[in-house]
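Note that the structure is predicted; figures quoted are calculated from it, not measured.
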Amino acid sequence: MDITFYINLLIFDLHILQVEAQPRMPAPTQKNITVPEAVRQILTKNYPIYQCLKMKLTNFHSVAELIQPHVEQLTGRKPTINTLVVAIKRFSDTLEEMKSLDPVRAMENTRISLSNGIADVTVRAPRAEFPKILNELSEMSAGLGEFPHIFPLANSIKIILPSEDYELIKKKLRHLNIVAVQANVAKLSLYLPTNAWDTPGIASYITELLYRNGVNIIDAFLGHGDIIIVVNEPDGHAAYDALRREVAQKELHPEAIHRKS
């Protein structure tokens, strides 16, 4: 597993960590909340510290100093640093009992395809009109080379299809409230093996992987067994290569992964 992201967390100085951590800390005081429970809430919601705790790369005393004022806000009393250190250690010990995600193994045999020349279309509409619009889109798509991806969201409908197909039905869509069209973007399609469908954190791992490789995600749609990701066309090959390298790790180093079992 590539742990570059987590190792980089160690170079943060305490001041930077405080700036990043404070907006994520809960503020309101709750009645009858214990110090261990306050510590659990704070650390669970702070992603960098949580990940470092899982990897045993954390100085408990420094974390205790960092979260002391936030524990006081939650509990209404100021615990000592030693009390917090004990609570942090106990919380850290519970993470060992949790089944950790092995993203390399989860992504084994994942099929990835890259399509360029894609149009990302956003149609704004009230939810009451969704059935009618979806029916229209289905009828329009019958004569296209491939059926488009159509995703109803909270207040809009996303249509992902080849740009040339969009040009064919563009006139038929004029009566709809099209608020955005991003032409000539790239689409990544990931087809996960059945053993990865229910792997906790697989989607966040993939999006983080692309982020660490400098890829900006325009849209992402997660299904049971497949993931559709839309990126800028120049980022398409970088995203594809990053994902392929991750899948290839299982094939290149199977003995290392088996030793982790």
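Side-chain contact check for D165 versus L168: some heavy-atom pair is nearer than 4.5 Å. At least one side-chain heavy atom of I33 sits less than 4.5 Å from a side-chain heavy atom of Q41. Looking at V63 and L53, their side chains never come closer than 4.5 Å, going by heavy atoms from C-beta outward. Counting heavy atoms from C-beta on, the side chains of T110 and P193 come closer than 4.5 Å. Put simply, the side chain of L95 reaches to within 4.5 Å of the side chain of Y50, judged on heavy atoms. Side-chain atoms of I217 and D235, non-hydrogen and from C-beta on, never get closer than 4.5 Å to each other.
V179 belongs to no multi-residue hydrophobic cluster, having no ILVMFWY side-chain contact under 4.5 Å with any other such residue.
Atom CZ of F91 and atom CZ of F60 lie 10.5 Å apart (nearest 0.5 Å). One distance of note links SG of C52 with CG of N46; it measures 9.5 Å at 0.5 Å rounding. One finds the CD1 atom of I160 at 12.0 Å from the CD1 atom of I229 (value rounded to the nearest 0.5 Å). Here the CG-CG distance, from D226 to L190, works out to 9.0 Å after rounding to the nearest 0.5 Å. With rounding to the nearest 0.5 Å, the separation of CG in N213 from CZ in R245 is 5.5 Å. Distance check, rounded to the nearest 0.5 Å: CG of L66 to CD of Q68 gives 10.5 Å.
The shortest heavy-atom contact between A87 and P36 is CB-CA, 4.3 Å. Closest approach of G236 and L188 over heavy atoms only: O-CD2, 4.3 Å. The minimum heavy-atom distance linking L176 with E136 is given by the pair CD2-OE1, 4.3 Å. Scanning both residues, A203 and L222, for their nearest heavy atoms gives CB-CD1, 3.6 Å.
When the side chains of ILVMFWY residues are joined at heavy-atom separations under 4.5 Å, either directly or via intervening members, V85 and L74 end up in a single hydrophobic cluster. The cluster map of Ile, Leu, Val, Met, Phe, Trp and Tyr, joined by side-chain heavy atoms under 4.5 Å apart, puts L243 and I202 in the same cluster. Linking Ile, Leu, Val, Met, Phe, Trp and Tyr whenever their side-chain heavy atoms come within less than 4.5 Å puts I169 and I159 in one cluster. Under the 4.5 Å side-chain heavy-atom criterion for ILVMFWY residues, no single connected hydrophobic cluster contains both I178 and V230. At a threshold of 4.5 Å between side-chain heavy atoms, the hydrophobic network of Ile, Leu, Val, Met, Phe, Trp and Tyr places V215 and I227 in one connected group.
Side-chain atoms of S138 come within 3.5 Å of backbone N or O of L134 as a donor-acceptor pair.
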Got a list of side-chain donor-acceptor pairs under 3.5 Å for residues 141-155, not counting sequence neighbours?
| residue | atom | partner | partner atom | Å |
| --- | --- | --- | --- | --- |
| S141 | OG | L137 | O | 2.6 |
| H149 | NE2 | K187 | NZ | 3.2 |

Name the atoms and distances for all side-chain donor-acceptor pairs under 3.5 Å in residues 113-123, with sequence neighbours left out.
| residue | atom | partner | partner atom | Å |
| --- | --- | --- | --- | --- |
| D120 | OD1 | K158 | NZ | 2.9 |
| T122 | OG1 | K158 | NZ | 2.7 |

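The salt bridge (Lys or Arg N to Asp or Glu O under 4.0 Å) check on E37 picks up R40, with sequence neighbours excluded. Contacts of K172 classified as side chain to side chain contact (heavy atoms under 4.5 Å, CB included), with partners at least two apart in sequence or in another chain: M140. K170 pairs by the salt bridge (Lys or Arg N to Asp or Glu O under 4.0 Å) definition with nothing, not counting sequence neighbours.
Under a cut-off of 6.0 angstrom, the local environment of NZ in K56 is crowded, with over 12 non-hydrogen atoms contributed by other residues, nucleotides or ligands.
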Subject >> Residues V35, R77; criterion side-chain contact (heavy atoms from CB on, under 4.5 Å); working and verdict >> reply: CA-CA 9 Å; V35 169; R77 54 187 181 276; 4.2 Å; yes
